[in-house]
Amino acid sequence: MKLSTPRWWYAREGAPAPITRALLKPVSWAWAAVTARRIAEAEPVDPGAPVICVGNLTVGGSGKTPVVRELLRRLPDAHGLSRGYGGSERGPLRVDPIRHTAAQVGDEPLMLSADAPIWVARDRAAGALAAVAAGASAIVMDDGHQNPRLKKTLSLVVVDGETRNNVWPLGDGSVFPAGPLREPLAVGLARADAVIVMLPADLAQPDPELLAALVAKPVLIARLEPAEPPPPGPQVGFAGIGMPWKVERALKAAGCELVDFVPFPDHFAYDAAALKLIEGRAEIFDAGLVTTEKDWVRLPPAWRERAKAWPVRAVFEDEAALERLIAPYR
């Protein structure tokens with residue numbers, strides 16, 4: 001059973017937190033040590049083409065996948081690469097959006113495959129080699145900042161810019177499972193070439209304190225903005241992503257007449273019980289159904305006709321800075 005992301009992970013340093021955090025601290029120290037040793041001892045494979053890694057420093061959603069999509073749009077001869085989290089296929093396998101399902105290749109690769117060539121591979125090096133053999137001029141890797149198997153040419157880390165209502169994307173600096181960080185902040189930043197701070201569309205500027213924490217690296221500001229308006233009329237929203245409450249707020253900010261919202265754990269596989277729950281809420285409110293693109297590809301085919309996917313895209317504040325970063329890989 002998948003568990004929802006704990007909100008207390010994202011409480012600022014000094015804020016009240018459950019005793020669970022203190023109890024998990026020793027486990028987090030061990031996690032960080034194992035990650036550091038794995039990275040230090042690896043011998044990365046050069047696939048013969050540039051590898052742009054879009055990773056993050058935390059567990060859960062930070063806006064990586066929209067950034068990957070935007071980079072693939074700007075680099076038309078590049079191929080995307082993903083581990084295929086949640087999918088049964090080990091790969092290397094090129095995703096076919098018509099033939100494959102999210103249960104086979106994972107929701108994010110399936111979603112991205114509608115726009116660009118996408119490969120899934122548990123062994124990232126094998127996946128990159130397969131993509132290059134198929135003609136990829138560059139590899140845009142979704143996640144993998146902590147994966148040392150592949151030699152990275154450009155490492156970008158995406159940081160969630162949400163800092164309202166005592167929410168702090170880096171928590172109190174604790175590493176998983178005591179907090180959201182995958183490794184200590186300074187360690188993860190040291191391997192990055194630049195940081196992308198992802199803001200919701202309704203937040204004007206990033207918190208100066210957050211920027212100060214990231215000052216060691218160049219910072220680009222991007223926003224998750226609607227690619228189209230939400231569907232009209234009353235809607236019941238639902239989402240199974242790392243921070244589903246952000247989808248609820250984003251829909252409201254975009255003008256959606258949201259009458260109810262049902263959260264699920266990240267990468268949730270929609271079973272009969274969950275679909276019955278969603279259906280019941282829509283009937284109570286005489287409303288339509290709206291969800292994220294990532295959730296929509298996990299729905300059974302019949303349900304994709306009943307629910308509306310609401311797409312968002314990453315919009316960069318400084319387009320020229322982004323172009324300078326990726327120009328060598330065209």
Side-chain angles (χ1 to χ4, degrees), residues 60-70 72-73 80 82 84-87 95-116 118 120 142 198 200-202 222-272 274-283 285-315:
S62 61
K64 289 187 289 69
T65 305
V67 171
V68 170
R69 174 182 270 173
E70 182 63 17
L72 288 170
R73 186 183 72 82
S82 171
Y85 182 86
V95 178
D96 183 336
I98 297 175
R99 182 167 61 92
H100 291 130
T101 66
Q104 293 172 314
V105 298
D107 49 17
E108 290 159 347
L110 185 61
M111 181 183 79
L112 291 170
S113 68
D115 303 318
I118 304 295
V120 294
D142 189 355
M198 185 64 70
D202 63 337
R223 284 178 175 78
L224 279 180
E225 296 190 355
E228 61 184 52
Q235 301 291 322
V236 169
F238 63 97
I241 64 171
M243 301 178 194
W245 59 87
K246 289 194 161 195
V247 178
E248 179 180 11
R249 192 182 63 243
L251 282 165
K252 290 178 179 178
C256 181
E257 187 183 342
L258 198 66
V259 294
D260 194 19
F261 187 84
V262 186
F264 294 97
D266 198 12
H267 300 283
F268 183 76
Y270 290 98
D271 55 16
L275 294 172
K276 184 176 180 180
L277 170 63
I278 296 167
E279 183 178 45
R281 303 304 292 173
E283 289 177 353
F285 292 102
D286 190 22
L289 293 167
V290 61
T291 190
T292 70
E293 288 181 282
K294 195 170 89 165
D295 286 276
W296 189 83
V297 299
R298 295 200 304 274
L299 294 173
W303 271 82
R304 294 180 195 173
E305 299 176 6
R306 302 177 61 178
K308 172 69 174 176
W310 186 54
V312 295
R313 60 184 295 258
V315 177

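Quantities reported herein were computed from a predicted structural model and do not represent experimental measurements. Residue indices begin at 1 and follow the sequence shown. Heavy atoms only: backbone and side chains are in, while hydrogens, waters and symmetry mates are out.
- Across all non-hydrogen atoms, the minimal contact from G63 to M198 is O-CE, 3.8 Å.
- Using a 4.5 Å heavy-atom cutoff, the side chains of E257 and P234 are in contact.
- For the atom pair CG (L289) and CZ (R306), the distance works out to 7.0 Å, reported to the nearest 0.5 Å.
- The shortest distance between side-chain heavy atoms of P200 and R249 falls below 4.5 Å.
- With values rounded to the nearest 0.5 angstrom, K308 atom NZ is found 9.5 Å from E293 atom CD.
- Here the shortest heavy-atom pairing between L110 and P97 reads CD1-CA, 3.9 Å.
- Remark: D260 CG to I278 CD1 distance equals 10.5 Å, nearest 0.5 Å.
- Residue R69 comes nearest to V312 through the heavy atom pair NH1-O, 4.0 Å, listed as atom of the first residue, atom of the second, then distance.
- Within the model, atoms OG1 of T101 and CG of D96 stand 11.5 Å from one another, a figure rounded to the nearest 0.5 Å.
- Looking only at side-chain heavy atoms (C-beta outward), V68 and S82 stay at 4.5 Å or farther from each other.
- At least one side-chain heavy atom of L72 sits less than 4.5 Å from a side-chain heavy atom of I118.
- Side-chain contact between L299 and F238 is present, with at least one heavy-atom pair separated by less than 4.5 Å.
- Side-chain atoms of R304 come within 3.5 Å of backbone N or O of V297 as a donor-acceptor pair.
- Ring geometry for H267 versus Y85: interplanar angle of 30 to 60°, hence tilted.
- Distance check, rounded to the nearest 0.5 Å: CZ of R99 to CD of Q104 gives 7.5 Å.
- Taking a 6.0 Å sphere around CG of D286, one finds it holds 12 or fewer heavy atoms contributed by other residues, nucleotides or ligands.
- The closest donor-acceptor contact from the side chain of R298 to the backbone of G240 lies under 3.5 Å.
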(request) Take E70 and R73 through the salt bridge (Lys or Arg N to Asp or Glu O under 4.0 Å) test and state the conclusion after the steps. (result) CA-CA 5 Å; E70 182 63 17; R73 186 183 72 82; 2.6 Å; yes
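- At a threshold of 4.5 Å between non-hydrogen side-chain atoms, the residues K294 and T65 do not count as touching.
- Residues G288 and Q235 share a closest heavy-atom pair of C-OE1, 3.2 Å.
- Of all non-hydrogen atoms in V247 and I241, the two that sit nearest each other are CG2-CD1, 3.3 Å.
- In this pair, F268 and F264 present their aromatic rings parallel. The plane angle is below 30°, not in the 30 to 60° band.
- Taking each heavy atom of W310 and A254 in turn, the nearest pair found is CZ2-CB, 3.6 Å.
- No donor-acceptor pair under 3.5 Å is formed between the side chain of W296 and the backbone N or O of V290.
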